[in-house]
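In what follows, a structure is listed as structure tokens, so that the remarks can point back to it.
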Amino acid sequence: MKRLSAVLMLVLVCASGSGCVALALAGIAGAAGMGVAFYMGEYEGYLAANPPQITDAAGDVLRGMGVKIETEASSWDRGKITGLMGNEDEVVIKIRKKSEQMSQVAVRVGVFGDERTSAKLYNQIKARLQSD
């Protein structure tokens, strides 16, 4: 109940003057542990796995798409993969542990963010995790 009150207060404050309603709504979806959002060029969502598992799945997906992996690292609380697609667009996937059973995943393709390609990668990572 406290979380819901805090989120509603955030929405009211943001809506009242700073113009960050989209950010607040993305935060609500994230706080509730559901949905995905495309904000500031990143496609973000939550997956039920730990950072090393997500990093491994993301690496498999990127290699399967022919992406040249530049860096790939993970620890118990975070992970990150960077690579280059065939068209020279950079891919950055960042993972942060949010709880014992949930991690936040942010996917960015290109400088300004390609929502369609980022969503495709996110969904393929999600499917890869579900198939293991």
Side-chain angles (χ1 to χ4, degrees):
M1 194 59 150
K2 286 183 180 182
R3 176 181 265 180
L4 180 59
S5 297
V7 169
L8 290 175
M9 183 63 78
L10 175 66
V11 170
L12 291 174
V13 168
C14 286
S16 69
S18 66
C20 65
V21 174
L23 176 61
L25 293 177
I28 291 169
M34 61 185 194
V36 294
F38 186 75
Y39 179 73
M40 299 289 291
E42 286 189 344
Y43 194 87
E44 294 183 351
Y46 291 81
L47 296 174
N50 62 45
Q53 292 170 320
I54 297 170
T55 302
D56 289 344
D60 290 346
V61 167
L62 291 177
R63 281 187 281 280
M65 294 179 65
V67 174
K68 179 184 173 202
I69 305 292
E70 294 182 322
T71 64
E72 182 173 358
S74 66
S75 65
W76 66 274
D77 68 336
R78 63 187 65 218
K80 184 176 181 180
I81 299 179
T82 62
L84 284 176
M85 299 186 80
N87 62 1
E88 297 300 314
D89 278 347
E90 183 179 37
V91 178
V92 179
I93 300 172
K94 296 181 285 187
I95 304 117
R96 285 186 174 243
K97 183 177 182 174
K98 291 298 180 183
S99 72
E100 287 302 314
Q101 302 161 354
M102 191 68 58
S103 296
Q104 179 183 22
V105 179
V107 180
R108 176 188 291 272
V109 176
V111 175
F112 299 107
D114 177 340
E115 182 176 5
R116 195 177 95 208
T117 305
S118 297
K120 179 180 174 182
L121 286 171
Y122 176 87
N123 289 320
Q124 287 182 356
I125 294 166
K126 182 178 178 181
R128 173 80 173 147
L129 287 167
Q130 291 173 346
S131 71
D132 286 343

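Heads up: numbering here begins at 1 and tracks the sequence.
Hydrophobic clustering places I54 together with V61 (ILVMFWY residues linked when any side-chain heavy atoms are closer than 4.5 Å, directly or through intermediates). Each of M85 and V92 belongs to its own hydrophobic cluster when Ile, Leu, Val, Met, Phe, Trp and Tyr are linked at side-chain heavy-atom distances under 4.5 angstrom.
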Item to check | CA sep, side-chain torsions, deciding dist, call: D89, T117, side-chain contact (heavy atoms from CB on, under 4.5 Å) | outcome: CA-CA 11 Å; D89 278 347; T117 305; over 6 Å; no
Next on the checklist: Applying side-chain contact (heavy atoms from CB on, under 4.5 Å) to N50 and W76, what does each step give before you reach the verdict?
Outcome noted: CA-CA 7 Å; N50 62 45; W76 66 274; over 6 Å; no
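Listed by first and then second residue, the salt bridge (Lys or Arg N to Asp or Glu O under 4.0 Å) pairs that reach into residues 101-118 come to none, sequence neighbours excluded.
Taking the side-chain contact (heavy atoms from CB on, under 4.5 Å) definition, one finds that T55 meets it with E72, S74, I81, I95, sequence neighbours left out. Not counting sequence neighbours, E44 has no partner by the salt bridge (Lys or Arg N to Asp or Glu O under 4.0 Å) test. Shown here are the ring-ring contact (aromatic ring centres under 6.0 Å, His included) partners of F38, two or more places apart in sequence or in another chain: there are none. Applying the side-chain contact (heavy atoms from CB on, under 4.5 Å) rule to E70 yields the partners T82, L84, E90; only residues at least two apart in sequence or on another chain are considered. Contacts of K97 classified as salt bridge (Lys or Arg N to Asp or Glu O under 4.0 Å), with partners at least two apart in sequence or in another chain: E100.
Heavy-atom neighbours of K120 NZ from other residues, nucleotides or ligands within 6.0 Å: at or below the threshold of 12. Summarising the local packing, CZ of R96 is surrounded by 12 or fewer heavy atoms from other residues, nucleotides or ligands at distances under 6.0 Å.
In terms of heavy atoms, G45 sits closest to V36 at CA-CG1, 3.7 Å. Among all heavy-atom pairs drawn from S75 and P51, the shortest one is O-CB, 3.6 Å.
Residues L47 and Y122 form a side-chain contact, since some pair of their non-hydrogen atoms from C-beta on lies under 4.5 Å apart.
M65 CE to D60 CG: the interatomic distance, rounded to the nearest 0.5 Å, is 13.0 Å.
Of the candidates V107, V67, V105, V107 is the only one forming a side-chain contact (heavy atoms from CB on, under 4.5 Å) with L121.
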